[in-house]
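The structure appears right after this line, and notes come after that.
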Amino acid sequence: MFPERVWSEAGAIFFFLRQNIHAFSRAALCIATTFFIILVLPVVFEIKKSQMEQQQLKQQQVHIGPDTGLSGGMPGVLPSLPGKN
């Protein structure tokens, strides 16, 4: 249907485009991966660390209780009995 020259030119153009798209996609993937590792991962780790610290503080408040600092004594220590000093 098409002359041989058209087929050979189309094949050459296709091969050229395939090579350029492949090289461009490799470079873009390398840049995106480097960007993610250097700029995004540290932020994600810091957010996760902050969330874990907040969760630990909440767990400590649940175990100790919110009013232990106001009672004047240490938690778990019995108060002294009146008349026994």
Which donor-acceptor pairs under 3.5 Å do the side chains of residues 23-40 make with protein atoms, sequence neighbours left out?
from, atom 1, to, atom 2, distance (Å)
Ser25, OG, Ile21, O, 3.1
Ser25, OG, His22, O, 2.9
Thr33, OG1, Leu29, O, 2.8
Thr34, OG1, Cys30, O, 2.9

Worksheet entry | CZ on Phe45 to NZ on Lys49, rounded to 0.5 Å | 12.0 Å
Item to complete: Measure the shortest side-chain to side-chain distance between Gln51 and Lys48 over non-hydrogen atoms and say whether it is less than 4.5 angstrom.
Response: yes
Worksheet item: To the nearest 0.5 Å, what is the distance between CD (Glu4) and OG (Ser8)?
Response: 6.0 Å
Worksheet item: Does Val43 sit in a hydrophobic cluster with other residues, and if so which ones, taking ILVMFWY side chains as linked at heavy-atom separations under 4.5 Å, directly or through other members?
Response: Ile47
